[in-house]
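Data block below; observations after.
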Amino acid sequence: MPKLSVNIDHIATIRQARKGTEPDPIAAAVLAELAGAEGIIAHLREDRRHVQDRDMRLLREIVQTKLNMEMAATDEMQRIALDIKPDFSTLVPEKREELTTEGGLEVAARIDFMKAYVGRLRQGGIIVSLFVDPDENQIAASKKTGAEWVEIHTGAYANAKTEQDRDREFVKIAESAQLAASLGLRVGAGHGLNYVNVRRIAQIPEVTELNIGHSIISRAALVGLDRAVREMKELVHR
Ligand code: PXP
């Protein structure tokens, strides 16, 4: 059974809508761990649209399971990661204009750069994971960089419009997971996983970790709304 790591970026997204102090992703990390999350993930984006530097620093102090810092392979992020020392760094591609991470990392076309980048993080004691599409070239290239983990991008599976497309994408993920494990890589998966589509991915034997954010935070907003309204109504009517 894979472990579940929870991505708390969208708690920070709600906070940044008002540029205030609530909801605090640090409180969300504590609650997620109390509920059984086996890891906490936060993506410090170059444009700081949701998670802030202060969040990463405080998360490092309070996370008791493991902290996974998602980041682009830039000099700035490398400096911050080596300073903060998350347990994991997951390297992702990043474009300013995208709503969320759109595709996997291009590893195969720049193995030398990625190898040097991964090496510096590993020397700093950080375990490195590469977020890649379910593509054998990218998986094989990931192994050559010295990264210990790959996270297989499940977005195309999650967004498939037909059963046939979903099945095809599922097979790509399952085969990529097998290949990665046979090369000695640890295997995670994530992006777009929700309460409807997660079971199948969770059953792939080589996948030992699932990284899920949007669907959990979305559900939290809805399942928590009833209580939040009742509490406000009680205050208003008191
Ligand atoms: N894994 C990676 C590498 C991601 O970039 C994201 C999104 O930040 C996720 C997992 C989680 O995706 P979602 O929010 O769709 O569950």
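Residues take their numbers from the sequence shown, with the count starting at 1. All values derive from a computational prediction rather than experimental measurement. Remember, it's 1-based here, ligands and their atoms both numbered in the order they're listed. Because only heavy atoms are used, hydrogens play no part in the values below, and waters and symmetry mates are left out as well, while side chains stay in.
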Please name all residues satisfying ring-ring contact (aromatic ring centres under 6.0 Å, His included) with Tyr117, sequence neighbours left out, ordered by chain then number.
-> Phe113
Worked verdict on Glu148 versus Arg122 for salt bridge (charged side-chain N to carboxylate O under 4.0 Å, His left out) | CA-CA 9 Å; Glu148 294 99 321; Arg122 290 190 63 193; 3.2 Å; yes
At a non-hydrogen distance cut-off of under 4.0 Å, which region of Glu70 contacts ligand 1 (side chain, backbone, both, or neither)?
-> side chain
Just which atoms of ligand 1 are under 4.0 Å from any heavy atom in Val92?
-> 3 (C)
When clusters are formed from ILVMFWY side-chain contacts under 4.5 Å, directly or step by step, what else is grouped with Val171?
-> none
Distance-only donor-acceptor check, side chains Thr65 and Glu33, under 3.5 Å | yes
N/O of His214 under 3.5 Å from N/O of ligand 1, yes or no?
-> yes
Could you tell me whether Gly192 and ligand 1 have an N or O pair separated by under 3.5 Å?
-> yes
Looking at ligand 1, does Ser215 have a heavy atom less than 4.0 Å from it?
-> no
Report the C-alpha distance between Arg60 and Asp83 in whole Å, list the side-chain angles of each, state the deciding distance to 0.1 Å, and finish with yes or no for side-chain contact (heavy atoms from CB on, under 4.5 Å).
-> CA-CA 11 Å; Arg60 173 63 295 177; Asp83 180 38; over 6 Å; no
Heavy atom under 4.0 Å from ligand 1: found in Glu151's side chain, backbone, both, or neither?
-> side chain
Any N/O pair Gly213/ligand 1 closer than 3.5 Å = yes
How about Arg238 and Leu235: do any of their side-chain heavy atoms sit closer than 4.5 Å?
-> yes
Would you mind running through ligand 1 and noting each atom that sits below 4.0 Å from a heavy atom of Asn7?
-> 8 (O)
